[in-house]
Amino acid sequence: MSSTEQSGDVCEIDIGIGGMTCASCVARVERALGKVEGVQSASVNLATESARVVVQASDTAQARIARAVRDAGYEPRAKDAAVDAPDEGPWAGFAPVGLGLALSLPLVVPMVGDLFGQHWMLPALWQFLLATPVQFGLGWRFYKGAWHAVRAFSGNMDLLVAIGTTAGWALSVWLWMNAHEGHAPHLYFEGSAVVVTMVLLGKWLEARAKRQTTAAIRALHALRPEVAHLIGPDGEVDVPVSELLVGDRVVVKPGERIPADGWMLEGRTQVDESMLTGEPLPVDKRGLPMDAMAAPRDPLSTLTGGSINGDGRLVMYVKASGSDTVLARIIRLVEDAQAAKAPIQRLVDQVSSVFVPTVLVIALATLLGWWWMGAGWETALIRSVAVLVIACPCALGLATPAAIMAGTGVAAKYGILIKDAQALELAHKVQIVAMDKTGTLTVGRPRLTAFEVAPGVDEEALLAVAASVQTASTHPLAHAVVQAAQEKHLVLTPCTDVQAVQGRGLQATVGEHRFVMGSLRWMQELGMVPSPLLLRAKELQTAGSTVSALGQQRDDSVVLLGLLAFADVPKEGAREALAALHARGIGTVMISGDNRGAAQAMAKTLGLAVDRGEVVAEVLPGDKSALVTALRQRGLEAIPRDGVIAPGTLGATKGLGVATSYTVAMVGDGVNDAPALAAADVGLAMGNGTDVAMHAAGITLMRGDPRLLVAALDISRRTVKKIRQNLFWAFFYNAAGIPLAALGYLNPVIAGAAMAMSSVSVLTNALLLKRWKPEGAAVAAESNKA
């Protein structure tokens with residue numbers, strides 16, 4: 001049991017639960033947890049055998065939750081007990097099943113002999129001696145679970161099995177004791193013994209399948225090395241990875257897993273990061289000395305815990321360890337998604353709450369109905385037992401979580417992290433995908449391609465001023481200006497009194513003058529003096545460049561001193577991803593803060609149609625979420641044909657409870673994309689973006705490859721399809737099996753086998769998702785091992 005997250009006076013507690021057998025158990029545990037003082041919500045997952053409880057934080061919260069689970073008749077366990085348990089082989093836990101088969105086989109053989117006219121029936125005493133250990137020894141778990149259910153005034157699978165098999169065994173004993181001398185009565189010991197054995201076999205197969213559904217989590221846990229080579233005062237010393245602290249320096253030898261997140265200080269190597277990105281090719285890394293701790297680090301020196309070092313020895317600086325590492329966050333995301341309930345699960349919960357009482361009523365009606373029609377108590381009871389045995393709430397409880405676990409697990413293998421089940425369920429319905437341009441569809445590392453200055457202005461001096469102003473910004477365009485100045489070896493002057501205006505630009509004082517750098521529209525708002533550079537600005541924009549202006553603030557006006565033109569390039573696979581979305585009938589919209597010319601030029605490069613509203617330019621960061629809301633309400637009709645939305649005109653759609661007509665996904669990577677990601681039905685964040693964007697999104701694409709967007713929608717569609725198939729079969733088993741049993745077409749043995757196989761078939765169908773692979777070039781190599 002562990003407390004996973006705490007905020008204020010509320011915390012989330014994850015706890016493992018042993019002994020649950022069906023959806024009715026899930027409902028009972030949730031009711032028990034809901035009665036604990038301070039609990040705000042409780043979600044129980046049958047497939048992971050765990051619960052997530054939101055409760056008011058206190059020193060006794062975990063103890064009270066564990067006690068509630070135990071009082072409900074189940075066993076509280078550590079959250080990761082199932083995941084961290086050692087793999088005992090494919091036959092682990094088969095001993096009770098094997099013993100049941102050995103004791104039941106002599107009871108079943110005579111039944112087979114009757115089909116061929118052979119009468120091999122064992123004496124009643126031998127039948128009793130073989131069946132009783134199975135009924136009350138191997139079947140004790142059903143009596144225990146049934147007793148707890150009765151005490152809680154509820155029902156579960158154990159109650160149905162216990163009542164049904166006990167009735168068959170008791171009827172056999174009664175017939176045996178009351179048989180006339182010299183008459184061999186037809187007994188039903190084989191029915192009760194075989195049913196218990198078949199249910200045990202089904203639960204064993206179910207447990208094996210469950211272990212496969214947790215394979216993704218097991219693989220992620222296996223990525224964490226146990227030991228790190230810490231550089232201490234006395235040289236290298238081996239310490240547990242759990243003892244690493246931020247600031248430590250660690251040696252990583254060739255072939256070892258990197259123990260924590262950090263920066264490479266010494267060495268040169270190649271690192272296999274496939275566990276993080278799904279990309280099978282190793283990445284070149286080089287050591288860079290630590291200059292300023294707060295300075296952005298070169299990606300070539302960035303190391304991620306869990307990735308595999310190549311053939312070079314390296315020294316790294318630890319910047320994050322333990323639960324703060326990227327790998328730990330990935331594990332939490334996958335665990336959260338697998339533990340969550342999809343909205344469709346609410347239907348199952350409603351059905352399961354009345355399922356067992358309904359089955360008991362049907363069984364009683366079957367008993368009384370056949371007796372009333374003159375079939376006799378023996379026949380009536382056996383047919384009633386068949387109704388009890390074939391009813392299977394297990395399959396209902398496993399249908400949804402098993403598919404979600406398999407789907408999220410295989411998605412994580414290819415670098416698609418699905419944070420919540422609702423995003424997974426909604427993604428297959430997406431009709432429109434809105435995408436931020438910079439960093440999502442383009443590389444996001446623009447270069448300065450042109451620098452135009454006003455007559456009489458020194459070009460290098462002005463570039464130095466522009467770079468000095470931009471050192472206060474983290475925007476990609478700012479980095480391009482600074483890089484251009486560094487390439488010319490210009491000396492930068494520290495700026496003061498820096499003021500950032502969101503979506504517009506920067507104001508700063510350099511030396512004795514106040515400079516303004518940002519969009520031309522902002523310059524006009526500040527009272528820009530007419531300049532011949534404006535004609536050149538239009539030419540650059542028409543050519544597809546993003547244009548920023550640099551001006552000097554004088555009194556109440558701005559004098560334009562220079563223009564900076566930037567160009568970005570599309571990401572590899574961006575055009576292919578957009579074409580794949582179009583082929584699926586999904587509308588696409590590129591959202592850009594650039595001027596119309598630059599945005600439309602990039603849109604044409606990517607294969608987007610400007611005249612169909614597939615590009616919108618000059619969007620301020622604050623208007624992105626409003627644009628997403630407008631798309632949800634009116635679709636592509638919300639975008640003007642010229643692709644430019646006047647500032648503030650979208651505000652009327654914000655916060656209104658207008659019914660949405662379209663399912664919209666938003667893809668972004670920056671801090672300013674977070675509101676739009678949250679406003680969309682499904683938010684997808686690029687893993688090369690900011691933590692804020694990834695926190696706001698329901699799905700994270702770890703490789704930053706646009707083609708993974710198509711893969712994410714595809715795995716959503718396939719997972720939801722498996723959920724629906726599983727629910728259909730779960731309901732079908734009962735809808736078809738219970739009436740057949742009630743009408744006398746199924747005996748208890750066949751009913752027991754059908755009941756056991758229903759859960760196995762649902763899990764097996766869900767596990768077929770593990771064969772899924774993304775299409776096209778986004779596919780990671782088969783050799784991509786976790």
Side-chain angles (χ1 to χ4, degrees), residues 20-23 25-26 45-50 82-83 85 87-94 96-98 100-101 157 161 195 197-219 334 337-339 341-342 344-345 348 352 389-413 421 424-425 714-737 750-773:
M20 293 191 299
T21 57
C22 65
C25 295
V26 170
N45 189 307
L46 179 61
T48 59
E49 296 183 336
S50 65
V83 173
D87 188 359
E88 299 176 355
W91 295 97
F94 186 75
V97 180
L101 291 171
M157 183 206 74
V161 173
V195 166
T197 301
M198 292 302 299
V199 175
L200 289 175
L201 175 61
K203 301 305 289 183
W204 178 74
L205 292 172
E206 182 182 309
R208 283 191 63 184
K210 281 182 182 178
R211 286 196 293 271
Q212 294 184 54
T213 61
T214 60
I217 293 292
R218 288 175 182 270
V334 177
Q338 295 191 343
K341 285 189 178 182
I344 199 172
Q345 183 70 17
V348 178
S352 64
V389 170
I390 199 169
C392 185
C394 307
L396 287 174
L398 291 168
T400 301
I404 289 175
M405 290 179 69
T408 55
V410 73
K413 176 182 176 183
L424 178 68
E425 186 173 330
D714 184 53
I715 190 58
S716 167
R717 178 182 63 82
R718 292 175 185 269
T719 302
V720 170
K721 183 178 179 180
K722 288 298 180 186
I723 290 174
R724 290 174 174 169
Q725 289 174 353
N726 284 350
L727 288 176
F728 168 79
W729 285 113
F731 282 112
F732 175 79
Y733 271 112
N734 293 291
I750 296 176
M755 180 255 203
M757 291 302 105
S758 61
S759 297
V760 176
S761 63
V762 163
L763 280 165
T764 302
N765 188 45
L767 289 172
L768 292 177
L769 283 170
K770 295 181 70 175
R771 301 188 301 180
W772 175 83
K773 294 180 182 178

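Atom NZ in Lys773 sits 7.0 Å away from atom NZ in Lys413 (nearest 0.5 Å). The distance from atom NZ of Lys721 to atom CG of Leu768, rounded to the nearest 0.5 Å, is 11.0 Å.
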Verdict with supporting geometry, Thr719 and Trp772, side chain to side chain contact (heavy atoms under 4.5 Å, CB included): CA-CA 10 Å; Thr719 302; Trp772 175 83; over 6 Å; no
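Scanning both residues, Trp204 and Phe94, for their nearest heavy atoms gives NE1-N, 3.6 Å. Residues Met20 and Glu49 approach most closely at CE-CA, 3.8 Å, considering heavy atoms. Of all heavy-atom pairs spanning Thr197 and Val97, the tightest one is CG2-O, 4.2 Å. The two residues Lys770 and Val410 make their nearest non-hydrogen contact at O-CG2, 3.8 Å. Closest heavy-atom contact between Gly407 and Ile715: O-CG1, 3.9 Å. Scanning both residues, Ala406 and Ala766, for their nearest heavy atoms gives CB-O, 3.4 Å.
Between Lys722 and the options Asn765, Val762, Leu727, a side chain to side chain contact (heavy atoms under 4.5 Å, CB included) holds for only Asn765.
Classification of the Trp729-Phe732 ring pair by plane angle, with boundaries at 30° and 60°, yields perpendicular.
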